[in-house]
**Q** 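Below: one structure in structure tokens.
From a predicted model like this one, the values you see are computed outputs, not experimental measurements. Whatever order the structure lists ligands and atoms in, that order sets their numbers, starting from 1.
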Amino acid sequence: MEKQSNVLVAPSILSADFTKLRSEVELAEKAGADWIHCDVMDGMFVPNISFGPMIVEAVRRCTDMIIDTHLMIADPDRYIKEFVAAGSNQVTVHQEECKHLHRTIDFIKSCGVKAGVSLNPSTSVSMLDEILPDLDLVLVMSVNPGFGGQKFIKNAIEKIKKIDQARQEVNPDLVIAIDGGINPDNAPSVVEVGATALIAGSAFYKAPDPFEVVTKFKSISVPTF
Ligand code: DX5
Ligand code: ZN
């Protein structure tokens, strides 16, 4: 038996054309995306600089979609408030950058938004053992963060399986997002092991038909037992 996966789709504006930000955000919305993913990079945690709260605030004025803010920045505690004030609905920090992850997650939630933690490809899922019940979202990186358009790293599949198992035991509402090198060809392999949100930059914004990309993501089926 198979059923529709109902996977959430989140285009990343990192791959959008910033000379026409409004229409690029609207394109995601019209294509049927659920979230718009904002990749914030500081040139410290990752070797690239993208944008800050000002762009997130501009995105907020273009759409009512959920703004999913991915902070790839050093010591993210310093800027959580600003990204919430800019209109983020969910804020994800990197485990590798948080000395007091529990406090950071508490703080994000106290700002009235959903809280997520991201893991680099080399970071073990076991780093989340103690915090998983408190999270709204885990974001598994399937590329080393910093750039769009990289190739999918396959160890993400085993990591999703482990998180999915833990989700069933301690946090059934947890969203498992996958980010990096996702396209309609490899998306079924992550959805079938438990990914519930697909983040896609180049596969969406560089596609000849971005609507078709969302349709393909949305039509992924998962086995039922
Ligand atoms: C990478 C970012 C991703 C990126 C994905 O550091 O976190 O969100 O935009 O881009 P693609 O889908 O092109 O790999
Ligand atoms: Zn991202």
**Q** Ignoring hydrogens and geometry beyond distance, is a side-chain donor-acceptor pair present between H37 and D39 at under 3.5 Å?
**A**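 A donor-acceptor contact under 3.5 Å links the two side chains.
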
**Q** Please say whether S15 places an N or O atom under 3.5 Å from an N or O atom belonging to ligand 1.
**A**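 Checking ligand 1 against S15, no N or O pair falls under 3.5 Å apart.
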
**Q** Is there a polar contact between ligand 1 and I182, counting only N or O atoms under 3.5 Å apart?
**A**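 Between I182 and ligand 1, no N or O pair is found under 3.5 Å apart.
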
**Q** Judged by modelled atom types alone, do N120 and S122 share a side-chain donor-acceptor pair under 3.5 Å?
**A**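 Distance-only check fails for N120 and S122.
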
**Q** Given the rule that I, L, V, M, F, W and Y join up when any side-chain heavy atoms are under 4.5 Å apart, are F211 and I182 in one cluster?
**A**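 Yes, one cluster joins them.
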
**Q** Taking only heavy atoms of H37 into account, list the atoms of ligand 1 that are under 4.0 Å away from them.
**A**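 Reading through ligand 1 atom by atom, the close ones are 8 (O).
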
**Q** If only atom types and distance count, is the side chain of K109 paired as donor or acceptor with the main-chain N or O of D134 below 3.5 Å?
**A**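 Yes.
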
**Q** Between D179, L139, N183, flag the one that comes closest to atom 3 (C) of ligand 1 by a heavy atom.
**A**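 That would be D179.
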
**Q** Between ligand 1 and G146, is the shortest N or O to N or O distance under 3.5 Å?
**A**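 N/O-N/O distance under 3.5 Å: yes.
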
**Q** Quick check: S12 and ligand 1, any N/O pair under 3.5 Å apart?
**A** yes

**Q** For G148, take its heavy atoms, then give the atoms of ligand 1 lying under 4.0 Å from any of them.
**A**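 Per the distance check, 10 (O), 13 (O).
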
**Q** Does a side-chain N-to-carboxylate-O contact under 4.0 Å join E158 and K161?
**A** yes

**Q** Quick check on the hydrophobic clustering: are L135 and V84 connected, directly or via other members, by side-chain heavy-atom contacts under 4.5 Å?
**A**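 In one cluster with L135: V84, yes.
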
**Q** On a heavy-atom basis, I'd like to know which of I13, D39, L198 is closest to atom 4 (C) of ligand 1.
**A** D39

**Q** Can you sort out which atoms of ligand 1 are near M41, meaning under 4.0 Å from one of its heavy atoms?
**A** 6 (O)

**Q** So, D209 and K216, do they make that salt bridge, N to O below 4.0 Å?
**A** no

**Q** For K114, look at atom NZ and say whether over 12 heavy atoms of other residues, nucleotides or ligands are found less than 6.0 Å away.
**A** no

**Q** Among protein heavy atoms, which sits nearest to atom 1 (C) of ligand 1, and what does the distance come to when rounded to 0.1 Å?
**A** F147 O, 3.6 Å

**Q** Tell me which protein heavy atom sits closest to atom 14 (O) of ligand 1, plus the residue, atom name and distance to 0.1 Å.
**A**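 The answer is G181 N, 2.8 Å.
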
**Q** Go through the side-chain N and O atoms of T104 and D77 and say whether any donor and acceptor fall under 3.5 Å apart.
**A**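 The answer is yes; a qualifying pair exists.
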
**Q** Please state which protein non-hydrogen atom is closest to atom 12 (O) of ligand 1 and give its distance, to 0.1 Å?
**A**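 Here the nearest protein heavy atom works out to G201 N, 2.8 Å.
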
**Q** Set out, in order, the CA-CA distance, both residues' side-chain angles and the distance that settles side chain to side chain donor-acceptor pair (under 3.5 Å) for T123 and Q95, then state yes or no.
**A** CA-CA 8 Å; T123 304; Q95 186 278 332; 4.5 Å; no

**Q** Need the ligand 1 atom indices (1-based, order shown) with element for anything under 4.0 Å from a heavy-atom of M72.
**A** 6 (O), 7 (O)

**Q** Of all the atoms in ligand 1, which lie at a distance below 4.0 Å from a heavy atom belonging to P145?
**A**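 Selected atoms, number and element: 6 (O).
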
**Q** Is the side chain of E192 donor-acceptor paired with the backbone N or O of V222 at a distance under 3.5 Å, no angle test?
**A** no

**Q** As an exercise, identify every atom of ligand 1 less than 4.0 angstrom from a heavy atom of S202.
**A** 11 (P), 12 (O), 13 (O)

**Q** At less than 2.8 Å, how many protein N/O/S atoms surround the Zn ion (ligand 2)? Leave waters out.
**A** 4

**Q** Which of the numbered atoms in ligand 1 are below 4.0 angstrom from a heavy atom of A200?
**A**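 That gives atoms 12 (O) of ligand 1.
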
**Q** Report yes or no: do F18 and L14 belong to one cluster of Ile/Leu/Val/Met/Phe/Trp/Tyr joined by side chain heavy-atom distances under 4.5 Å?
**A** no

**Q** Under 4.0 Å from a heavy atom of L14: give me the atoms of ligand 1 that qualify, with their elements.
**A**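 The list of qualifying atoms is 9 (O).
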
**Q** Regarding ligand 1, does A203 bring an N or O atom to under 3.5 Å of one of the ligand's N or O atoms?
**A**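 No: no nitrogen or oxygen of A203 is under 3.5 Å from one in ligand 1.
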
**Q** Side chain or backbone, does G180 bring an N or O within less than 3.5 Å of an N or O on ligand 1?
**A** no

**Q** Check whether the side chains of Q90 and T69 place a donor and an acceptor atom closer than 3.5 Å, and report yes or no.
**A**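 No, no side-chain donor-acceptor pair sits under 3.5 Å.
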
**Q** Does E169 have any side-chain contact (heavy atoms from CB on, under 4.5 Å) partners at least two apart in sequence or in another chain, and if so, which?
**A**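 Partners of E169 under the side-chain contact (heavy atoms from CB on, under 4.5 Å) test: Q165.
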
**Q** When you measure from the side chain of K3 to the backbone N and O of S221, does any donor-acceptor pair fall under 3.5 Å?
**A** no

